Amino acid sequence: MTRLASEPRHPPILLEDDEHLFLDGVSWGFYEHLLRETRHRRLRITFDSGMLEITSRIFGHEAAKSFIGQMISTLSFLTNCPMASGGSPTFRRRDKQKGLEPDECYFFNAHTKVRRIKRWNPKFHPPPDLAVEIDIFSRSIDREPIYAALAVPELWHYDGARIRCLHLIGDRYSVRKRSKFFPFLEVSHLSQFMDRVEDADHTTVIREFISWVKRNGWAAE
């Protein structure tokens with residue numbers, strides 16, 4: 001049975017006032033102006049139909065997204081799966097009145113189409129095939145509908161306790177065991193390595209992750 005992507009949810013950590021700002025009734029023009037004015041600052045700006053949210057980049061959030069990104073890159077390398085990493089640029093669509101910066105994003109099917117992109121444009125460029133969403137801090141705007149409007153087919157969602165794999169079905173996300181792009185992988189199994197980084201350095205845990213991939217017979221020869 002299909003489960004809604006929003007169920008269940010790990011309780012979020014509250015942000016401090018100086019780490020979070022929410023505004024309503026904001027125009028698209030103001031959103032774009034804000035993006036231009038803050039492009040050199042470490043902020044995450046989310047826009048959804050007049051609602052705008054600004055959050056600081058918090059250490060725990062950045063550490064989690066960095067390590068999940070390491071696992072995806074390592075898995076792509078070990079399995080010889082062609083991939084282009086997109087990082088966390090701003091993806092926005094004026095026609096949908098939605099925009100955000102993913103924590104990490106990747107192009108698999110479209111990896112050859114984004115190699116020379118300097119600035120993403122929805123009129124000419126494909127959306128990421130896979131986005132990573134770290135959801136360990138409280139937010140005012142639900143980001144899943146924005147990813148859906150951007151037509152991102154797969155989302156890996158980490159809530160501080162586990163990683164879930166979400167597939168876009170129609171206009172909403174549903175939980176699935178396996179990744180579209182690593183079909184042998186039950187994504188929830190990666191949560192064990194997120195738990196390990198609380199007790200060991202990233203290099204050690206990535207070595208353990210590599211050994212795990214090889215033991216399962218997924219590494220290319």
Side-chain angles (χ1 to χ4, degrees), residues 5 28 31-32 34-36 38-48 55 57 61-62 64-135 141 143-158 163-174 176 178-185 187 190 206 209 213 218-220:
W28 182 263
Y31 167 55
E32 291 197 318
L34 188 62
L35 289 174
R36 289 192 298 270
T38 62
R39 64 186 180 275
H40 299 305
R41 299 187 181 187
R42 295 181 58 78
L43 299 173
R44 305 178 77 240
I45 303 175
T46 304
F47 185 86
D48 187 0
T55 55
R57 295 185 182 270
H61 180 281
E62 295 298 289
K65 73 123 177 176
S66 175
F67 188 75
I68 292 176
Q70 281 184 273
M71 287 195 289
I72 292 173
S73 296
T74 301
L75 190 59
S76 297
F77 175 77
L78 292 174
T79 61
N80 196 23
C81 177
M83 176 271 286
S85 175
S88 55
T90 299
F91 293 95
R92 62 187 187 272
R93 286 189 57 168
R94 183 171 188 148
D95 60 325
K96 301 286 187 178
Q97 290 287 292
K98 294 185 183 339
L100 53 61
E101 294 86 25
D103 288 306
E104 298 284 352
C105 70
Y106 302 87
F107 298 84
F108 293 92
N109 295 335
H111 70 93
T112 61
K113 300 178 181 178
V114 297
R115 291 176 182 171
R116 295 178 178 84
I117 288 181
K118 302 301 181 185
R119 182 173 296 170
W120 186 81
N121 186 324
K123 295 180 180 178
F124 309 110
H125 306 135
D129 291 308
L130 168 64
V132 174
E133 177 70 8
I134 309 300
D135 192 15
I141 298 178
R143 287 162 60 91
E144 282 182 20
I146 304 177
Y147 283 111
L150 293 169
V152 177
E154 182 166 321
L155 186 64
W156 288 12
H157 180 278
Y158 178 64
I163 304 174
R164 293 183 298 148
C165 179
L166 313 176
H167 291 183
L168 185 62
I169 310 295
D171 61 353
R172 65 193 307 178
Y173 287 99
S174 294
R176 291 292 186 270
R178 300 182 187 275
S179 170
K180 292 174 179 284
F181 307 104
F182 304 107
F184 51 84
L185 176 68
V187 175
L190 299 181
I206 285 295
F209 175 69
V213 171
W218 298 330

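Predicted, not measured: the structure shown is a model, and the values here were computed from it. Numbers for residues simply follow the sequence, beginning at 1.
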Task: Shortest non-hydrogen contact between Leu150 and Arg93, atoms and distance - done: CD2-CG, 3.7 Å
Task: Nearest heavy atoms of Asn109 and Asp129, plus distance in Å - done: N-OD2, 2.9 Å
Task: Aromatic contact, Phe182 with Phe108 (centres under 6.0 Å) - done: yes
Open item on the list: I need the Leu75 CG to Gln70 CD distance, nearest 0.5 Å.
Closed with: 13.0 Å
Open item on the list: Side chains of Thr55 and Thr46, heavy atoms from C-beta outward: is any pair under 4.5 Å?
Closed with: no
Open item on the list: Donor-acceptor check, side chain of Trp120 to backbone of Val114, threshold 3.5 angstrom: yes or no?
Closed with: no
TODO: Identify the two heavy atoms, one from His157 and one from Leu166, that lie closest to each other, and give their separation to 0.1 Å.
DONE: CB-CD1, 4.0 Å
Task: 4.5 Å side-chain heavy-atom contact, Phe91 and Pro122 - done: no
Task: Asp48 CG to Leu100 CG distance, which is reported to the nearest 0.5 Å - done: 9.0 Å
- [ ] Using modelled atom types only, decide if a donor and an acceptor are shared between the side chain of Arg92 and the backbone of Tyr31 within a distance under 3.5 Å.
- [x] no
Task: For Pro102 against Pro89, the heavy-atom pair lying closest together - done: CD-O, 3.2 Å
TODO: Check the side chains of Glu133 and Tyr147 for a donor-acceptor pair under 3.5 angstrom, ignoring hydrogens and angles.
DONE: yes
Open item on the list: For a 4.5 angstrom cut-off between non-hydrogen side-chain atoms, does Ser88 reach Asp103?
Closed with: no
Task: Euclidean distance, Leu130 CG relative to Phe107 CZ, rounded to 0.5 Å - done: 10.5 Å
Task: Nearest atoms (heavy-atom pairs only) where Glu144 meets Tyr173 - done: O-CE1, 3.4 Å
TODO: Flag the pair Ile68 / Leu190 as yes when at least one side-chain heavy-atom distance between them is below 4.5 Å, and no otherwise.
DONE: no
Open item on the list: Test your reading of the model: is there a side-chain donor-acceptor pair from His167 to the backbone of Arg178, 3.5 Å cut-off?
Closed with: yes
- [ ] Determine the minimum heavy-atom distance between Glu154 and Cys165, stating which atoms define it.
- [x] OE2-SG, 3.6 Å
Task: Phe184 CZ: over 12 foreign heavy atoms closer than 6.0 Å - done: yes
Open item on the list: Strictly below 4.0 Å, N to O, side chains only: are Glu101 and Arg44 in salt-bridge contact?
Closed with: no
Task: Minimum side-chain heavy-atom gap Trp156-Arg164 below 4.5 Å - done: no
Task: Spacing of Ser85 atom OG and His111 atom NE2 [to the nearest 0.5 Å] - done: 13.5 Å
Task: Between CD1 on residue Ile45 and CD1 on residue Ile141, distance to nearest 0.5 Å - done: 11.0 Å
Open item on the list: Could you measure the distance from the OH atom of Tyr106 to the OG atom of Ser73? Nearest 0.5 Å is fine.
Closed with: 4.5 Å
Task: Heavy-atom side-chain proximity of Val132 to Ile72 below 4.5 angstrom - done: yes
Task: Check: Phe47 and Leu35 side chains under 4.5 Å, non-hydrogen atoms - done: no
- [ ] Indicate yes or no: at least one non-hydrogen side-chain atom of Met71 is less than 4.5 angstrom from one of Ile206.
- [x] yes
Open item on the list: Whether the side chain of Arg41 engages the backbone of Thr38 through a donor-acceptor N/O pair (distance < 3.5 Å, no angle test) should be reported.
Closed with: no
- [ ] Indicate yes or no: does Arg57 engage Glu62 in a salt bridge with an N to O separation below 4.0 Å.
- [x] yes
